[in-house]
Amino acid sequence: MSASASQIDFDDRMLSLGLARVAEQAALASASLVGRGDEKAADQAAVNAMREQLNKLDIAGVVVIGEGERDEAPMLYIGEEVGTGNGPGVDIALDPLEGTTLTAKDMPNALTVIAMGPRGSMLHAPDTYMDKLAIGPGFEPGVVSLDMSPRERVEALAKAKGCAPSDITVCILERPRHEAMIAEVRETGAAIRLITDGDVAGVMHCAESEITGIDMYMGSGGAPEGVLAAAALKCMGGQIFGRLLFRNDDERGRAAKAGITDFDRVYSRDEMVTADVIFAATGVTGGSLLPAIKRQPGWVETTTLLMRSKTGSVRRMSYRTPLSSHEA
Ligand SMILES: O=P(O)(O)OC[C@H]1O[C@](O)(COP(=O)(O)O)[C@@H](O)[C@@H]1O
């Protein structure tokens with residue numbers, strides 16, 4: 001990587017269209033694998049396409065949130081350099097297919113996701129779990145916190161919204177580890193939208209609660225997904241808090257290798273994403289945020305959410321292309 005690369009300004013406005021293409025191409029590549037029961041093939045197709053497109057961008061990029069560490073991920077691994085090398089030095093967080101099982105089963109809210117910011121802008125989260133709590137924009141900082149119990153979180157948000165706890169809807173990943181949390185939230189009278197996978201979308205739903213009906217996200221999921229969700233909320237508005245969870249020394253070792261020293265730290269959105277970023281996500285299967293890829297005889301259409309945190313701009317862009325150019 002040339003020393004001058006990081007000195008070139010990160011022109012987020014011009015790069016954002018390139019980023020949208022990266023997300024679109026990953027989604028298009030997985031389109032023919034939606035509902036085919038093959039998670040690995042869908043993921044691999046998205047990874048290949050995302051990498052190919054990224055390497056066309058005039059950036060000196062480094063993957064900081066990727067498909068895993070070098071020895072376990074052949075492509076888009078953490079530390080991989082991407083782009084032509086002729087451009088600004090940038091950090092990239094990505095998940096070529098967030099919701100591989102959702103894609104394989106044709107269930108809602110599978111997305112391709114990518115965020116880009118200047119060097120050092122995103123937490124190098126290890127591939128561990130993270131305890132997460134998120135709400136949408138318009139609330140005082142810290143109105144809810146990870147240190148509150150699930151009941152306290154629901155009650156605090158209801159008070160801030162001026163409604164009853166029973167008017168709140170919480171999104172939670174359906175996992176045995178969340179049973180106690182789900183029971184406690186139910187006791188408040190709040191509704192719960194259980195999802196089987198895809199907590200980046202789960203968190204993003206909080207930022208558009210008038211469309212999605214979700215007020216709050218809570219529970220543990222992947223730490224890399226936590227950083228991607230923080231990047232999304234930095235653009236859309238909203239609060240997210242995350243605390244890394246470790247199951248063993250190997251995971252603590254991974255965190256230490258990523259430069260993390262305080263294992264109990266609660267990260268706020270702006271501590272996970274410390275500078276302005278751009279973010280793109282393309283819908284693979286349909287959901288309340290983005291429609292599914294549309295495949296018709298002769299053409300295919302995607303919709304991409306393209307956002308810049310500097311301006312808070314949120315675009316939904318649809319893209320139609322002849323099928324033959326992708327499936328010839
Ligand atoms: O399935 P687990 O182990 O509870 O992990 C939860 C994580 O898996 C996902 O549901 C899906 O991840 P993949 O797209 O890699 O399959 C994430 O959204 C979430 O953070």
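Both backbone and side-chain heavy atoms feed into the values below; hydrogens, waters and symmetry mates do not. Indexing begins at 1, ligand by ligand and atom by atom, following the structure's order.
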Charged N-O contact under 4.0 Å between [X] and [Y]:
X: Asp131; Y: Arg177; result: no
X: Lys234; Y: Asp270; result: yes
X: Arg252; Y: Asp249; result: yes
X: Asp197; Y: Arg175; result: yes
X: Glu225; Y: Lys132; result: no

Candidates Met218, Met181, His178 - the one meeting side chain to side chain contact (heavy atoms under 4.5 Å, CB included) with Leu173: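 So, applying the side chain to side chain contact (heavy atoms under 4.5 Å, CB included) to Leu173 and each of Met218, Met181, His178, only His178 qualifies.
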Winner among Glu39, Glu225, Arg175 once heavy atoms are compared against atom 1 (O) of ligand 1: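 Checking each option, the heavy atom nearest atom 1 (O) of ligand 1 is found in Arg175.
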Which segment of Met130 sits under 4.0 Å of ligand 1 when only heavy atoms are counted: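 It is neither; nothing of Met130 touches ligand 1.
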Protein heavy atom at shortest distance from atom 7 (C) of ligand 1: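 Protein heavy atom at minimum distance: Gly222 N, 4.0 Å.
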Residue and atom name of the nearest protein heavy atom (relative to atom 13 (P) of ligand 1), distance in Å to one decimal: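 Checking every protein heavy atom, the shortest distance to atom 13 (P) of ligand 1 gives Thr100 OG1, 3.8 Å.
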Is there a polar contact between ligand 1 and [X], counting only N or O atoms under 3.5 Å apart?
X: Gly99; result: yes
X: Tyr129; result: yes
X: Gly198; result: yes
X: Thr101; result: no

Could you list the atoms of ligand 1 found under 4.0 angstrom from a heavy atom of [X]?
X: Asp197; value: 8 (O), 9 (C), 10 (O), 11 (C)
X: Gly221; value: 20 (O)
X: Leu97; value: 14 (O)

More than 12 heavy atoms of other groups within 6.0 Å of Arg36 CZ: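 Yes.
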Over 12 non-hydrogen atoms of neighbours within 6.0 angstrom of CD in Gln296: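 Yes.
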